[in-house]
Amino acid sequence: MEGMGGGDKLTLTLAEHLAKSHTVFLFTIKPLDLSYCEAYFDLELSKIKVVVLNQPERIFTSVAGVRRLYYHRMYMVHYRQIRKFDLDLF
């Protein structure tokens, strides 16, 4: 949540609401300071579990085709990590 804009607030507001009666995971590729987000957006995020996804090893990506393969690999790595949580919905 580098920009801390409207989309971030909407996502966290929805997560806050769902966390009242469900288990909510927030998947991210960078560590996230939920206490800062709580103060910034005036939300209650204590019930939300943040999971930092591992990134695949970065390879040389200056060629468009190689870059496309890297991003496909990155998405698959993230998908496999998320799938291990056996979620009902994501």
Side-chain angles (χ1 to χ4, degrees):
M1 306 222 165
E2 295 175 11
M4 301 299 276
D8 299 326
K9 179 167 181 151
L10 182 62
T11 299
L12 292 173
T13 301
L14 180 61
E16 175 192 41
H17 178 73
L18 291 172
K20 291 176 182 177
S21 57
H22 301 283
T23 302
V24 175
F25 293 94
L26 182 62
F27 295 96
T28 178
I29 59 172
K30 295 180 181 177
L32 181 63
D33 184 0
L34 274 185
S35 60
Y36 176 77
C37 293
E38 282 182 317
Y40 189 84
F41 292 124
D42 191 29
L43 298 170
E44 172 56 46
L45 305 174
S46 62
K47 293 183 178 181
I48 296 170
K49 298 173 182 148
V50 177
V51 178
V52 179
L53 299 173
N54 297 325
Q55 294 287 87
E57 192 175 307
R58 188 148 182 111
I59 57 175
F60 184 71
T61 58
S62 65
V63 179
V66 174
R67 186 177 303 128
R68 190 170 33 252
L69 288 174
Y70 170 76
Y71 288 119
H72 174 72
R73 181 172 173 232
M74 179 178 64
Y75 295 135
M76 289 306 296
V77 167
H78 291 166
Y79 171 74
R80 287 185 193 109
Q81 290 175 57
I82 293 170
R83 203 168 99 188
K84 290 179 184 177
F85 284 85
D86 194 30
L87 304 173
D88 294 328
L89 175 71
F90 72 89

- Message: Quick check: closest heavy atoms across A15 and I48, and the distance to 0.1 Å?
- Response: CB-CD1, 3.5 Å
- State which residues pass ring pair (Phe, Tyr, Trp, His ring centres under 6.0 Å) with F85; sequence neighbours excluded, sorted by chain then number. F25, F27
- Measure the NZ-CG distance between K49 and L34 for me, rounded to the nearest 0.5 Å. 12.5 Å
- Side-chain heavy atoms under 4.5 angstrom apart, residues restricted to Ile, Leu, Val, Met, Phe, Trp, Tyr: same cluster for F41 and L10? no
- Query: Quick one: CG on D8 to CG on L32, what's the gap to the nearest 0.5 Å?
  - Reply: 9.0 Å
- Measure the spacing between CG of L26 and CG of L45 and express it to the nearest 0.5 Å. 8.5 Å
- Query: Going from CG on D42 to CG on L12, what distance comes out if it is rounded to the nearest 0.5 angstrom?
  - Reply: 12.5 Å
- 4.5 Å side-chain heavy-atom contact, Y40 and K9: no
- Message: Could you measure the distance from the CE atom of M76 to the CZ atom of R83? Nearest 0.5 Å is fine.
- Response: 8.0 Å
- Message: Would you compute the distance between atom CG of L53 and atom OH of Y79 and round it to the nearest 0.5 angstrom?
- Response: 13.5 Å
- Task: Quick one: list whatever passes side chain to side chain contact (heavy atoms under 4.5 Å, CB included) with L14, sequence neighbours left out.
- Result: L18
- Is it possible for you to say whether I29 and V77 belong to one hydrophobic cluster, with membership spreading through side-chain heavy-atom contacts below 4.5 Å? no
- Query: If every non-hydrogen atom of C37 is compared with every non-hydrogen atom of M4, which pair is closest and at what distance?
  - Reply: SG-CE, 3.9 Å
- Item | Considering all heavy atoms, the nearest E44-E16 contact | N-OE2, 2.8 Å
